[in-house]
Amino acid sequence: MIIRINPRALNTSEPLAEALGRPVSSQEGLTDHTVVAHWSGLDYYTPFDEQQTWTSTEWAEHLDDPAWQHPFPADPKGDHRAIWHADVRLAPDDRDLTGPEWSEIAHRIARAAGIQRPGDHQGCRWIAIQAQPGRLDLLANLLRVDGTWAEQPHRLLALVTAEGRRIEADLGLIPPRSGGPDPDSAARFAARYATPQANVSDAATQLAGLLGQLADEDTGPLSTVRGLVEHAAHRLGRLPHAHAHGGAHQLELIARRLHGIQQDLDATAAALPTAPAAPPRPALAPYGASAAPAPPGARLAR
């Protein structure tokens, strides 16, 4: 099972179309075999199960609705993109899952990602779409029903990836062979470049900090480059030139690849064996003792 967190979006139409594998339509309804899970407050907002007859356009409008109720929303970092999208892909040789199994996967990933909390009917609006073989898509509006922003956990990708490993074990699914970092190879890589005075865990901790800095969503160089590319795509897409839209689309694909590299670096850093906390050193002078080592650099939450 490979879990990918996609770049956030301003509205649900494009992520939902990607989840369905076809354009969002005002004529086509989605059955409960397609929407396999949803937020707990949906039944309070749609009496008589009217959502069973909703078109894909109406599902998109339902997820986007908090932005209409709370105009011009922005998270604490000033980001206006409220739509969160993650996709889960099974291994090609995995067995076919039942509807309840897809629903269980959706709820467990939603809890790990911080978009669902038991008994919270004022939380995020989210749905899980199972419209393509071996694939599940979760779409959520991070602007909660009560107008506040959802607080997703620190090191989000590492947490949902770890939950994915537990789901694989519980449901008898095949772990990815090449879709994620190999902890053993990561340790060997750390040992190869460790100095004679440092053990593998110490070197791995340093490397994890370095990779976290590279992939950091707020201050990392890849995030800066990705932001510039996204800005260029936005400006190019507004030009009237015939080739502008094609160029803007190519830049958007480049930005997505950069985001994927950030995720891969983050997952690799999470898989590295970190060193345990070192005990305090004995005093070297009558009036002082050595300071405890500073913690390695850590990536800020997205």
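This is a predicted model, so every value here is computed, not measured. We're numbering straight along the sequence, starting at 1.
Qualifying side-chain contact (heavy atoms from CB on, under 4.5 Å) partners for R257, counting only residues two or more places apart in sequence or in other chains: L253, I254. In terms of the side chain to side chain donor-acceptor pair (under 3.5 Å) criterion, Q132 has no residue partners (sequence neighbours excluded). Annotation: side-chain contact (heavy atoms from CB on, under 4.5 Å) contacts of T12 (sequence neighbours excluded): L16, A60, L63, D64, I83, L139. Evaluation of the side-chain contact (heavy atoms from CB on, under 4.5 Å) rule for S26 yields T57 as partners, not counting sequence neighbours. Applying the side-chain contact (heavy atoms from CB on, under 4.5 Å) rule to Q130 yields the partners V36, W102, L136; only residues at least two apart in sequence or on another chain are considered. Scored by the side chain to side chain donor-acceptor pair (under 3.5 Å) test, E61 finds no partners at all (sequence neighbours excluded).
Here CZ of R89 is found 7.5 Å from CG of D137. Values are rounded to the nearest 0.5 Å. Between atom OG1 of residue T161 and atom CZ of residue R155 there is a gap of 10.5 Å, rounded to the nearest 0.5 Å.
A donor-acceptor pair is defined here as one N or O able to donate and one able to accept, closer than 3.5 Å; such a pair exists between the side chain of T268 and the backbone of D264. Remark: side-chain polar atoms of Q152 are paired, donor with acceptor, to backbone N or O of A113 under 3.5 angstrom.
Under the 4.5 Å side-chain contact rule for hydrophobic residues, V225 and L251 share a cluster. Cluster annotation: I105 and L159 are assigned to distinct hydrophobic clusters (Ile/Leu/Val/Met/Phe/Trp/Tyr, side-chain heavy-atom contacts under 4.5 Å, transitive).
W59 and H38 have their aromatic ring centers separated by at least 6.0 angstrom.
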(request) May I have the step-by-step check of side-chain contact (heavy atoms from CB on, under 4.5 Å) for W84 and N141, ending in yes or no? (result) CA-CA 6 Å; W84 185 84; N141 194 323; over 6 Å; no
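For the 3.5 Å distance criterion, the side chains of H62 and R125 qualify, holding a donor opposite an acceptor.
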